[in-house]
Amino acid sequence: MLRSGGNRLLGLGFWKQALASPVGVRGYHERVVDHYNNPRNVGSFDKNDPSVGTGLVGAPACGDVMKLQIKVDEKTGQIVDACFKTFGCGSAIASSSVATEWVKGKQMEEVLSIKNTEIAKHLSLPPVKLHCSMLAEDAIKAAVKDYEAKRGKMEERKE
């Protein structure tokens with residue numbers, strides 16, 4: 001009795017239960033925690049590289065800023081690599097990490113169909129964190145737009 005009462009007082013029983021459930025300590029799903037603790041594809045490419053598209057987006061309401069970059073095989077139009085740097089909460093970092101995983105190996109047209117709702121569902125984001133998945137979708141679109149703008153300028157120079 002004393003042991004269980006002491007554990008309850010210290011919150012130890014809660015931690016055992018919280019860590020065993022798919023929803024973590026602060027209400028974050030285990031996928032968010034995983035991508036936050038082990039983010040995939042962190043880094044950056046040279047933004048002047050013609051095969052790189054850069055999307056830089058932010059959410060003034062919360063201060064999150066997300067830079068997502070794609071590297072495109074110019075002959076096939078396939079995204080061969082992706083990376084990100086995000087200043088923000090765990091949900092923003094996780095959304096960026098998932099987005100970079102999802103765009104790799106896909107065609108440019110395919111990645112434009114990735115919706116924030118799919119990212120949010122995959123990470124089980126609560127409604128208050130949906131803006132993080134919206135930033136990821138916007139960053140993907142901005143990176144594609146930047147790449148296409150660079151490509152258009154290069155084609156103009158050739159003519």
Side-chain angles (χ1 to χ4, degrees), residues 18 21-159:
S21 73
V23 175
V25 176
R26 293 193 174 187
Y28 286 109
H29 190 274
E30 62 187 11
R31 285 191 194 113
V32 174
V33 174
D34 178 41
H35 279 275
Y36 176 76
N37 287 331
N38 307 297
R40 283 64 150 184
N41 309 307
V42 175
S44 61
F45 301 129
D46 178 7
K47 66 178 181 180
N48 296 319
D49 182 340
S51 68
V52 171
T54 303
L56 183 63
V57 296
C62 66
D64 291 346
V65 178
M66 187 179 292
K67 179 176 88 170
L68 188 141
Q69 293 180 298
I70 55 173
K71 187 173 275 197
V72 182
D73 181 328
E74 296 176 26
K75 292 181 177 126
T76 64
Q78 183 179 26
I79 297 172
V80 292
D81 204 359
C83 62
F84 79 94
K85 284 192 177 179
T86 295
F87 177 79
C89 66
S91 297
I93 292 167
S95 294
S96 305
S97 179
V98 166
T100 58
E101 285 195 317
W102 286 6
V103 300
K104 281 184 178 182
K106 292 196 169 126
Q107 293 294 320
M108 299 281 283
E109 302 80 33
E110 280 183 86
V111 299
L112 292 174
S113 68
I114 295 173
K115 299 294 177 209
N116 72 296
T117 51
E118 295 168 331
I119 296 169
K121 184 177 179 182
H122 177 73
L123 293 171
S124 298
L125 294 179
V128 72
K129 293 294 184 178
L130 290 180
H131 66 279
C132 298
S133 61
M134 290 179 201
L135 278 177
E137 179 185 345
D138 292 345
I140 292 168
K141 289 179 180 175
V144 169
K145 185 176 181 180
D146 180 60
Y147 171 76
E148 289 176 342
K150 281 184 183 177
R151 193 167 172 205
K153 285 181 184 176
M154 288 192 58
E155 288 179 12
E156 285 176 11
R157 288 182 190 154
K158 289 179 183 177
E159 293 174 356

Expected output: side-chain Lys150 to main-chain Val52 donor-acceptor under 3.5 Å: yes

Residue pair Ala82 / Asn41: nearest heavy atoms and the distance that separates them: O-CB, 3.3 Å

Nearest heavy-atom neighbours spanning Leu125 and Ser91: CD2-OG, 3.6 Å

Separation between CZ of Arg31 and NZ of Lys121, rounded to the nearest 0.5 Å: 10.5 Å

Check: Arg151 and Val72 side chains under 4.5 Å, non-hydrogen atoms: no

Side chain proximity check, Val57 to Met66, heavy atoms < 4.5 angstrom: yes

Over all atoms of both residues, closest heavy-atom pair of Lys67 and Leu56: CB-CD1, 3.8 Å

Expected output: side-chain Gln78 to main-chain Gly105 donor-acceptor under 3.5 Å: yes

Any Ile114 side-chain heavy atom under 4.5 Å of Ile119 side chain: yes

Lys85 atom NZ: more than 12 heavy-atom contacts under 6.0 Å: no

Heavy-atom pair of closest approach, residues Asp64 and Cys132: OD2-SG, 3.8 Å

Side chain proximity check, Met108 to Ile70, heavy atoms < 4.5 angstrom: yes

Contact summary for His131 and Cys62, nearest pair of heavy atoms: NE2-SG, 3.2 Å

Ser51 side chain reached by Phe45 side chain, heavy atoms, under 4.5 Å: no

Where Gly88 and Ile93 come nearest, the two heavy atoms and their spacing: O-CD1, 3.7 Å

Cationic N near anionic O, under 4.0 Å, Arg40 to Asp34: yes

Side chain to side chain contact (heavy atoms under 4.5 Å, CB included) between Glu110 and Ile79, worked out: CA-CA 10 Å; Glu110 280 183 86; Ile79 297 172; over 6 Å; no

Within-4.5 Å side-chain heavy-atom neighbours: Leu123 and Lys129: no

